[in-house]
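Reviewing the structure listed below.
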Amino acid sequence: MKIVVFILLDLILAFILTIPICSGGEDRNVELKENEFNNVNTTINSRQFTLDKGIYKVKIKYDNEADETKSKINFINPSDKEVNEVEPSLMPSYAKSISYRVYVDENNQKAEIQNEGINQTTHIKCADIKFQKGLTRTYYMAKYAFYIFVIAFIIWFILLGFKKFKKYENKNIVLGILFTIGLLLLPILTEKIILFHMYRLVGIDEGFKMGQLPIRMHPNWQNGYGVAMGVTYPNIPFLIPAFLWHIGFPLITAYKSYFVISAILMVIASYFSFEKISKNKNIALFGSIVYSLSIYHLNNMYTRQAAGENFAMIFLPLIILGFYELLRRDTDKKECSLYLVIGMTGVIVSHPLSAFMVAIFSVIVCVMMISSLRNKQTVIALLKTALLTLLVNLWTIIPMINYYISEPLGVSDQNVYKIKESGVPIKELFFGTGDINSRTPGIALMIVLIIGIYFIFNTRKKVKKRGLLSALLLVSIVALFISSEFFPYTWIEGHLKGAYDLLSKLQFAMRFLGIASVALATMFVLILIINKNNKKFYYATTIVVLAFTVIQFADYCTQIKPDKIYTDVSQIDSFGDVRNYTLEGLVKGQQYTHQVESSNQMVQANIKSRNGTSIVLNVTNNDNKKNEIQLPITGFKNYVAKYDSGYLETKKSQLSKLTVVIPANFKKEIKVYYKEPIIWRLSEIISLLSIIYVIYCLIKPFVNKRKKTEERYDQQTSKQN
């Protein structure tokens, strides 16, 4: 109850602080006419104007034939010197207008609109700068609420919390976890930015505005033609960043929140899993440090910014924990493993390609532990776990399979990525390349590999957990081998074409290093727990592996160079690297127009309104036979064209645009929008019910424990009475 009261007071105070910022409305808007822009060398500058603190939306109408032209607000003598380092917004030649957000952090800021890279054909018609009161309020409320919370927490900790924390048994573990998270977030201060994922999070927001739930179509891609990103690449990792963008945060801030979330989850999930396996908090912390700061994880998180693959790595330790629970022999009672369900689900909704790799190694693990599968209860528990995992993820699996089978997606082109040419040299696997692009788990984990091999061949077979250690060693070696240049991809292509085609979906052989990294980190935990009584070996192994982990991390951080600042999606090309998620056959030049194209002059179609890829238009066909119109939408299936009496036929044109067949002598208003088929909706309902069941199973032990505690207390009270 105290927490609820504090949150309410926090929000009320934050709201009060935003009142001065949000004062005023239309009087804060600025209108600039054609004659208020002047040519200055290679720029067109507007007259100077004054903006107060808040968020503004700038809309510029123009004619232009120079694709390099860009626009930005140029602040005159700003208090914040970095505001003029923000990337300008693109003014593509095929567009007639652009709009972008501007963030002003002080009152009475003198500014001008500056259009750069112009040529003789560039002509600015007008510009409107409108104060965004709603975005300003939510953005600053969120900021102030966070600041108030931090200040209140610091005060509470100094006055009361510090004494309690000193007495807390696991304070060193908590500090270690926080320190590891802090280290993992250091590169975010200077990281290079990959624009693809920033455009994704905006696509989630745009899909939400269209009324989609879950969000399948990202309407902002490819000049508004839309891409079914949410079908082939789940949106879960970017839901919170998309929400932050929605309520007004700058694009770069919203995007970087993803790194904060993934760093926290990575350290906590790996610590939790390793602690459950080892029953030792210190060793679990060491394992979490080694795994979180492994080079391949850093490569995924910051160098490649492979957001889905990086997020999937968070759940790999939970999968190992789940298999450990199911396959160990020291327990007779076998139940469905919720850890394995959560781990598998996390991978599936983060990165489908990682899920494919996990499936391969799950089969390998089950084969290696075949003796455990002779137990009927184990087999039943494993099947229950697999079924529950399938049901929980049906909402993702059904649409994805549906599209990959029926739609000619770009990812199906095997010539784009040749996995047989992407094997990692053995030297790079062990020592890296000396830069941030190293394809290796890192020297620290490769030392663990060597120690593990030595340990397996120099210990008795009856040592506890030796079987799990052997299995992880084999998984590590197989994963490293598949990722290396020595794996016979060319031979497989020649003799097992089907298998090669499946492996080619993974695109890069180095992806298997994620499996190797988590297996090696878990090996490190097991080696320490098995040898915790052998003090010399224990301390020597811990110090060496942690030392190399810190050294390789420090070396990685020093090589990252800062990049530009992005605050709005208009600064990013909507025709970015999206070929893996859109239809084959699209021609970029054909997507420049937003007009409806007709196959016959007797057919007229005018767009009445548009919301993302949902379009309302008036259509007239004066011909005595049916005709077709092409809409400025990518021709994915599941679009419907509805009018008052029913539906019109939709299909994909040769240029992969959406085509609507118009009947003879037709004069109606039609609405075209993306609609999920019934089987997708059924899969979503099944998944929702399954998720509720999983939550119930997770909560049930705590409820039962609380009931038992209350019963014991009641019994003691009754005895005393």
Side-chain angles (χ1 to χ4, degrees), residues 94-96 206-207 209-213 215-231 398-399 402-409 581-682 684:
Y94 54 82
K96 298 298 182 182
E206 295 296 322
K209 290 177 181 177
M210 284 175 57
Q212 297 184 63
L213 196 67
I215 297 156
R216 307 291 190 184
M217 183 63 61
H218 290 205
N220 55 325
W221 288 91
Q222 296 180 303
N223 193 29
Y225 274 62
V227 172
M229 184 79 68
V231 176
I398 293 295
N402 183 217
Y403 259 38
Y404 275 127
I405 290 175
S406 61
E407 291 281 35
L409 297 172
Y581 314 100
T582 192
L583 297 177
E584 293 177 349
L586 283 171
V587 179
K588 183 177 179 180
Q590 293 292 327
Q591 294 175 287
Y592 287 160
T593 179
H594 277 178
Q595 301 300 315
V596 180
E597 299 173 351
S598 172
S599 61
N600 191 314
Q601 292 183 352
M602 298 184 72
V603 180
Q604 296 179 345
N606 299 309
I607 295 177
K608 183 178 179 182
S609 63
R610 179 166 188 161
N611 178 19
T613 57
S614 296
I615 298 178
V616 177
L617 60 161
N618 294 315
V619 181
T620 301
N621 182 9
N622 294 318
D623 201 350
N624 291 324
K625 60 181 180 179
K626 65 180 182 181
N627 288 286
E628 297 179 351
I629 57 173
Q630 287 189 47
L631 304 183
I633 300 174
T634 307
F636 288 101
K637 70 176 193 175
N638 299 333
Y639 274 102
V640 297
K642 183 180 180 181
Y643 67 104
D644 55 8
S645 301
Y647 294 89
L648 303 179
E649 179 188 352
T650 59
K651 59 184 181 180
K652 181 182 63 177
S653 72
Q654 291 183 344
L655 295 174
S656 292
K657 288 187 178 184
L658 184 66
T659 298
V660 180
V661 180
I662 308 299
N665 301 313
F666 182 90
K667 187 176 182 181
K668 299 281 185 181
E669 178 183 280
I670 66 173
K671 182 178 181 180
V672 180
Y673 57 96
Y674 190 79
K675 182 181 180 181
E676 292 191 10
I678 294 176
I679 190 171
W680 291 21
R681 288 301 186 193
L682 288 175
E684 290 162 9

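Computed from heavy atoms alone, side chains included, the values below leave out hydrogens, waters and symmetry copies. The model shown is predicted, which means the values in this text are computed figures rather than measured ones.
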| task | Please answer whether the main-chain N or O of Gln590 pairs with a side-chain N or O of Lys657 as donor and acceptor at a distance below 3.5 Å. | result | yes
| Nearest heavy-atom pair of Val672 and Leu617: which atoms, and what distance? | CG2-CD2, 4.1 Å
| task | Can you see which heavy atom on Lys637 is nearest to which on Tyr674, and at what distance? | result | O-CE1, 3.5 Å
| What is the ring orientation for Tyr94 with Tyr592, classed by angle as parallel under 30°, tilted 30 to 60°, or perpendicular over 60°? | parallel
| Would Tyr639 and Thr613 satisfy side chain to side chain donor-acceptor pair (under 3.5 Å), going step by step from the backbone distance to the final call? | CA-CA 10 Å; Tyr639 274 102; Thr613 57; 3.0 Å; yes
| remark: Closest non-hydrogen atoms of Gly612 and Pro219, given as atom of the first, atom of the second and distance, are CA-CB, 3.7 Å
| task | Would you name the heavy atoms of Leu631 and Tyr225 that are closest together and state the gap between them? | result | O-CE2, 4.3 Å
| said: Under 6.0 Å from the ring centre and within 45 degrees of the ring axis: does the NZ or CZ of Lys675 meet both conditions for the six-membered ring of Tyr673? | reply: no
| Counting only N and O atoms by type, is there a donor-acceptor contact under 3.5 Å from the side chain of Asn621 to the main-chain atoms of Pro663? | yes
| task | Please report the C-alpha distance between Phe636 and Thr582 in whole Å, then the side-chain angles of each, then the deciding distance to 0.1 Å, and finally whether the side chain to side chain contact (heavy atoms under 4.5 Å, CB included) criterion is met. | result | CA-CA 8 Å; Phe636 288 101; Thr582 192; 4.0 Å; yes
| message | I want to check something: taking the side chain as every heavy atom from C-beta on, are Ile398 and Ile679 in contact at a cut-off of under 4.5 Å? | response | yes
| said: Counting only heavy atoms not in Lys667 (residues, nucleotides, ligands), do more than 12 fall under 6.0 Å from its NZ? | reply: no
| query | In this structure, are over 12 heavy atoms from other groups packed under 6.0 Å from Gln595 atom CD? | reply | no
| field | Residue pair Tyr403 / Ala228: nearest heavy atoms and the distance that separates them | value | CE2-CB, 3.7 Å
| query | Taking all atoms of both residues into account, what is the closest heavy-atom pair of Ser653 and Thr659, and its distance? | reply | CB-OG1, 3.3 Å
| query | Do the non-hydrogen side-chain atoms of Val227 and Gln222 ever get within less than 4.5 Å of each other? | reply | yes
| task | For the pair His594 (side chain) and Asn223 (backbone), establish whether a donor and an acceptor sit closer than 3.5 Å, ignoring hydrogens and angles. | result | yes
| Note, Ser598 side chain near Asn627 side chain (heavy atom, < 4.5 Å) | no
| query | At what distance, to the nearest 0.5 angstrom, does CG of Asn606 lie from CD of Glu669? | reply | 12.0 Å
| message | Check this for me, if you would: do Glu649 and Lys642 make a salt bridge, where the nitrogen-to-carboxylate-oxygen distance has to be below 4.0 angstrom? | response | no
| No-hydrogen, no-angle side-chain donor-acceptor test under 3.5 Å, Trp680 and Asn402 | yes
| Has the side chain of Asn611 got a donor or acceptor atom that lies under 3.5 Å from a matching backbone atom of Lys209? | yes
